[in-house]
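To keep things clear, I will list the structure first and then write my remarks on it.
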Amino acid sequence: MAFGARGWRPRSLLLLLLWVTGQAAPVAGLGVSSELQIERRFVPDECPRTVRSGDFVRYHYVGTFLDGQKFDSSYDRDSTFNVFVGKGQLIAGMDQALVGMCVNERRFVTIPPNLAYGSEGVSGVIPPNSVLHFDVLLMDIWNSEDQVQIQTYFKPPSCPRSIQVSDFVRYHYNGTFLDGTLFDSSHNRMKTYDTYVGIGWLIPGMDKGLLGMCVGEKRIITIPPFLAYGEEGDGKDIPGQASLVFDVALLDLHNPKDSISVENKIVPENCDRRSQSGDFLRYHYNGTLLDGTLFDSSYSRNHTFDTYIGQGYVIAGMDEGLLGVCIGERRRIVVPPHLGYGEEGRGNIPGSAVLVFDIHVIDFHNPSDSISITSHYKPPDCSVLSKKGDYLKYHYNASLLDGTLLDSTWNLGKTYNIVLGSGQVVLGMDMGLREMCVGEKRTVIIPPHLGYGEAGVDGEVPGSAVLVFDIELLELVSGLPEGYMFIWNGEVSPNLFEEIDRNGNGEVLLEEFSEYIHAQVATGKGKLAPGFNAEMIVKNMFTNQDRNGDGKVTAEEFKLKDQETKHDEL
């Protein structure tokens, strides 16, 4: 039997709430008094509510006689005593003594026989006319008219969206009883609680208490037991008729019907082209959760993220969010989990997480792109145009599409010199230098498949980078016809071999051959292909004439180019 209750009624499992009244004088000795005596041994600093008649309370107690002999204790049963106050379910003295108590308040209560078990007592347990002493600790209080109580103690400055019925949320919480005892914590498990709101997945009080919360908001939700786990509790950690207090921090919020959201932060004034499905993009990003937690960043790797869009190479939400961007644009893309990494998550991305990507588009191109040429200046006389085989001297600035300078011949103080069409520059530059006249200035934009490709140049040109060259052609030396490394500028002597073989021994050595060719070039009678090493050209010419490879050319071996079926000179 739980003493403090009237008669022999079995214990009930019920709950509590608070509101304070005054305090009676403490017990003044062991003499029998006809008045209830109350000593408030401990009163908490905060007491938002005290017990009133009609409230349901949960409390612990130790019951003793005035000589200190214990006759009953709720602690021995490891269960609070649960009962309505002021409804005749307790002895009159306890009904009065509980009124005005705060949760966590401790009272010593001395009850005279006329307010306890009177002249009859309880056979074998409480003698007739016994004065009873109770050491009472109030654990819980509630009323059947209570509703969910919400106290918001932090709300972010910006709240673009709040929880509505059918939303899916991720939140952390500490769950305590009214006396502060912790019964559960998502923080201890290091995992958010993830659930739908308003469709019966939660206890009714939590379903109601979460509505209207913003991501980043923190609130305390107090739930009476009839909106929580009721008379039975949860069968594990939560006793029956317990009021519950949840300290909640909302981390994430979405609805299964959500699509991505795009917020343009910076859009360049000049946007000649926007990304389309099938384009290849290079972009930087910071990836965060809705609460601001960083989960990834391309900046931290000092390397852009490079990918095709619209073809399933990235998560569906990012595939969609990267469409229609300009080079240099900055935008925020918010991706719900069903368009991100779903219920399972990935790596340090939790399951069912909304993702926020702040992106900066560095460049993009399409594999079908060719080079782009824009001429900024042409001199009045622009009749001689560059062609394959011509020797060119030009200045350039090389940069990425975002303006990052890669290289500059102006800064080096010397021109870049090439033979057009000889493979000395990337294919896109070779194409961009064609049909250009001396003095002309142009901009050539080269997609990576005509530039340095996916690999780039280590430490200089990023992989898959679109390149921009600002070019000024300074000098053009016309090249030789295709297939020739040397030509005659006039009639060829019919006694050419004899002229080369000055000593008349019928054999021409390399020294003789080289001396003769250079003499023809010096007098304008012959021309070597510009832009190549002259000695190497002459040596190759000699080697081709030396059919048997014995280091000398005879009259029988010697042939002009038009006498050859397969040749490279003379």
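- Ring planes of W488 and F486: perpendicular class, angle over 60° (limits at 30 and 60°).
- Neither side chain, D194 nor S352, offers a donor N or O lying under 3.5 Å from an acceptor on the other.
- Ring geometry for H395 against W410 counts as parallel: the plane angle stays under 30°, on a 0 to 90° scale with 60° as the upper cut.
- There is a side-chain donor-acceptor pair under 3.5 Å between T415 and N417.
- Under the 30°/60° scheme for interplanar angles, the aromatic rings of H338 and H254 are found to be tilted.
- Aromatic rings of H303 and H284 (six-membered ring for Trp) have centroids beyond the 6.0 Å cut-off, not under it.
- Side-chain atoms of H376 and T443 form a donor-acceptor pair, as typed in the model, at a separation below 3.5 Å.
- Atom CD of E454 has 12 or fewer neighbouring heavy atoms from other residues, nucleotides or ligands inside a 6.0 Å radius.
- Side-chain atoms of S297 and N286 include a donor-acceptor pair closer than 3.5 Å.
- Looking only at atom types and distance, the side chain of D470 has no donor-acceptor partner in the side chain of N397 under 3.5 Å away.
- The one candidate from Y171, F168, W201 that meets the ring-ring contact (aromatic ring centres under 6.0 Å, His included) condition with Y193 is Y171.
- Note on ring orientation: taking the six-membered ring where Trp is involved, the planes of Y308 and Y313 are tilted (angle from 30° to 60°).
- With hydrogens and angles left out, the side-chain atoms of T554 and E507 include no donor and acceptor closer than 3.5 Å.
- Salt-bridge formation is not detected for the pair R282/D402: no Lys NZ or Arg NE/NH1/NH2 atom is positioned less than 4.0 Å from an Asp or Glu carboxylate oxygen.
- Heavy-atom contacts from other residues, nucleotides or ligands closer than 6.0 Å to NZ of K527 number more than 12.
- The residues R161 and D167 are annotated as salt-bridged, a charged nitrogen and a carboxylate oxygen being separated by less than 4.0 angstrom.
- Using cut-offs of 30° and 60° for the angle between ring planes, the F246 and Y173 rings count as perpendicular.
- Atom NZ of K387 is surrounded by more than 12 heavy atoms from other residues, nucleotides or ligands within 6.0 Å.
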